[in-house]
Amino acid sequence: MSKTETIQKAMIAALKNKEQQRKEVLSLLLSALKAKAKDKKEPLTEAEEDAIIAKEIKQTKETLSSAPKDRTDIIDECNFMLKVMSEFAPKQLDEDELRKIVSEVIGNLGIENPSAKDKGSVMKNLMPLVKGKADG
């Protein structure tokens, strides 16, 4: 089952349980996913769905960081949105897992003492492996 379908079922459940705020957040997420699928003219892949969810989370975090401290209504709404959206976000790699993947990539490239000049080739091979699972 795709994340779009999962979110749609969660939205219906929220509607039935009269959880209006949760339903609105899920509706926002669902409309972003459906808009991208419509633009693409075919179903989204799991990686594309994850990227859209991550983008929505990032936008909400930016809104939260720019909200005035005295506007508790905006802050509370953003925190609730982040909580709901994070349920559907891709699992992020922790630091140890990320270090292991980086070490493997460096080993595969045959680099013994990585330096700043090796950064481009390492990142080129690393990013496809961690896309959506770790921040660039």
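Only heavy atoms go into these numbers, but all of them, side chains included; no hydrogens, no water, no symmetry mates.
- Note: Leu82 CG to Glu77 CD = 10.5 Å, rounded to the nearest 0.5 Å.
- In this structure, CD1 in Ile57 is found 12.5 Å from CD1 in Ile52, a value given to the nearest 0.5 Å.
- Here the side chain of Gln59 pairs no donor or acceptor atom with the backbone of Glu56 at under 3.5 angstrom.
- In this structure, Glu62 and Lys58 have side chains that are in contact, with non-hydrogen atoms separated by less than 4.5 Å.
- With respect to the salt-bridge test (charged N to carboxylate O, under 4.0 angstrom), the residues Glu49 and Lys36 do not qualify.
- Between Ile74 atom CD1 and Lys69 atom NZ the span is 11.5 Å, to the nearest 0.5 Å.
- Summarising the geometry, atom CG belonging to Asn79 is positioned 10.5 Å from atom OG1 belonging to Thr60; distances are rounded to the nearest 0.5 Å.
- The CE atom of Met81 sits 10.0 Å away from atom CG of Leu26, with the distance rounded to the nearest 0.5 Å.
- With hydrogens and angles ignored, the 3.5 Å screen pairs no side-chain donor or acceptor of Ser86 with any backbone N or O of Ala89.
- No donor-acceptor pair under 3.5 Å is formed between the side chain of Lys3 and the backbone N or O of Glu46.
- In this structure, NZ on Lys83 lies 14.5 Å from SG on Cys78, to the nearest 0.5 angstrom.
- With sequence neighbours left out, the side-chain contact (heavy atoms from CB on, under 4.5 Å) criterion links Glu104 to Lys100.
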| message | Please determine whether side chain to side chain contact (heavy atoms under 4.5 Å, CB included) holds for the pair Asp50 and Lys55, giving the CA-CA distance in whole Å, both sets of side-chain angles, and the decisive distance to 0.1 Å. | response | CA-CA 9 Å; Asp50 288 344; Lys55 178 183 172 197; over 6 Å; no

Extract all donor-acceptor atom pairs below 3.5 Å that involve side chains of residues 5-15 and protein atoms in other chains or at least two apart in sequence.
| unit_1 | atom_1 | unit_2 | atom_2 | d |
| --- | --- | --- | --- | --- |
| Glu5 | OE1 | Ser2 | N | 3.1 |
| Thr6 | OG1 | Ser2 | O | 3.0 |

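- The shortest non-hydrogen separation linking Phe88 to Ile53 is O-CD1, 3.5 Å.
- With sequence neighbours left out, Glu87 forms a side-chain hydrogen bond (donor to acceptor under 3.5 Å, both in side chains) with Arg22.
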